[in-house]
Protein chains: 2
Amino acid sequence: MVKNRNFIEKLRELGLRPTKQRVKMCEVLFNREKTFHFTINDLVKMISEEMNEKISLATVYNTVHALEKKGYLKEISINSDKSYFDTNTSVHHHFYDEDTQELIDCDGNDIDPINIKKNITGKKINSVEVLVKVASDNQNQK
Amino acid sequence: MVKNRNFIEKLRELGLRPTKQRVKMCEVLFNREKTFHFTINDLVKMISEEMNEKISLATVYNTVHALEKKGYLKEISINSDKSYFDTNTSVHHHFYDEDTQELIDCDGNDIDPINIKKNITGKKINSVEVLVKVASDNQNQK
DNA sequence: ATCTACATTATAATAATTCTAAACTGTTGA
DNA sequence: TCAACAGTTTAGAATTATTATAATGTAGAT
């Protein structure tokens, strides 16, 4: 209950009207110990279950993109066939398990800072992301 | 002409029957000074123009995937909305210009080797790729 | 030249995402 | 408190990228 109130405030601050769908989405996304990765479909399922009623796909897309634009979610590109999002918006890298299609966060100690020596005139660096693809040891590479 | 012959041999070595569509695709992809990046749609257009006749989308998809599986093309994930391929199959990283949606190769000197300190038991690393997103200096981040 | 297996093609099917237009609901202010 | 407006939600249609299908075509062996 108190948590709902927090999300209502948060959404207001972001200029997003706190509808029940958005508040529920925030609970599902941010009301947890650890950050996590999800696809839009994952999220629709989770919210529908928590609310005991359907939520429109379009609403989930809209709100996810709104939260992404505000910096509360980050999109992660792995394959072109699915979009993954991450509630951990800090700069960090990922392992991707090609066997299980699971994303795993790297923390700061897993990979040394990346040193970019090239710079493109007139452009500034927005992000630097490392993706490490792993697979079972006794299996051919993709 | 001589070049065609080369591609015919190459395709045979790969176990791919050298049809005229595949030979033309190889010319378009590999018969050039520098490696380059393309989407499936780019490629369909390029081949259709070079051949002065249509080529089926399905054929392009099939052959691109065949060449990818054989290691002559590499897929690059940037956004989920498009698949980019690269004729440069060596290990290298990319800049992505968010303004122009252009991909730019990094060569070995642009980024120091990435040191991965984490390892996941029973899994081996298949690839380590860095994507540096850049955008115009006087513009908000995506 | 003929045959056969593999390729190509147009088209249909699927999947992810975005659009649309009508119905609904926070919020503001009288 | 409540009417009114602007922003939201929704179902379903539209769009886009990709894959599947099944009929036709063709490379390569005999």
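Each chain gets a letter, A, B and so on, in the order the sequences are listed, and its residues count up from 1.
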Inset, instruction - Could you check whether A:Ile55 gets within reach of a base, just the sugar-phosphate, or nothing at all, counting any heavy atom under 4.0 Å? - result: sugar-phosphate

Inset, instruction - Do nucleotides 1-7 of chain C as a string where each nucleotide becomes B, S or -: B if the base has a protein heavy atom under 4.0 Å, S if just the sugar-phosphate does, - if no protein is that close. - result: ----BBS

Legend entry - From B:Thr35 atom OG1 to B:His92 atom NE2, the distance as rounded to the nearest 0.5 Å: 6.0 Å

Inset, instruction - Check whether any side-chain N or O of B:Tyr61 sits under 4.0 Å from OP1 or OP2 of D:dT18, and answer yes or no. - result: yes

Legend entry - Test side chain to side chain contact (heavy atoms under 4.5 Å, CB included) applied to A:His94 and A:Asp105, step by step: CA-CA 5 Å; A:His94 292 98; A:Asp105 273 6; 3.0 Å; yes

Legend entry - Proximity to the side chain of A:Leu57 - top-ranked nucleotide from D:dT9, C:dT9, C:dT17: C:dT17

Inset, instruction - Respond yes when some side-chain nitrogen or oxygen of B:His65 is under 4.0 Å from OP1 or OP2 of D:dT19, and no when none is. - result: yes

Legend entry - Nucleotide nearest B:Ala58 when distance is taken to its side chain, options C:dT18, C:dT27, C:dT9: C:dT9

Legend entry - Plane angle bin for A:Phe7 and A:Phe30 - parallel if under 30°, tilted between 30 and 60°, otherwise perpendicular: tilted

Inset, instruction - Find out whether the Lys NZ or Arg CZ of A:Lys118 is both under 6.0 angstrom from the six-membered ring centre of B:Phe95 and within 45° of the ring's axis. - result: yes

Legend entry - Atom pair NZ/CG of B:Lys117 and A:Asp107 - distance to nearest 0.5 Å: 9.5 Å

Inset, instruction - For A:Lys20, check salt bridge (Lys or Arg N to Asp or Glu O under 4.0 Å) against everything at least two apart and list the hits. - result: A:Glu53

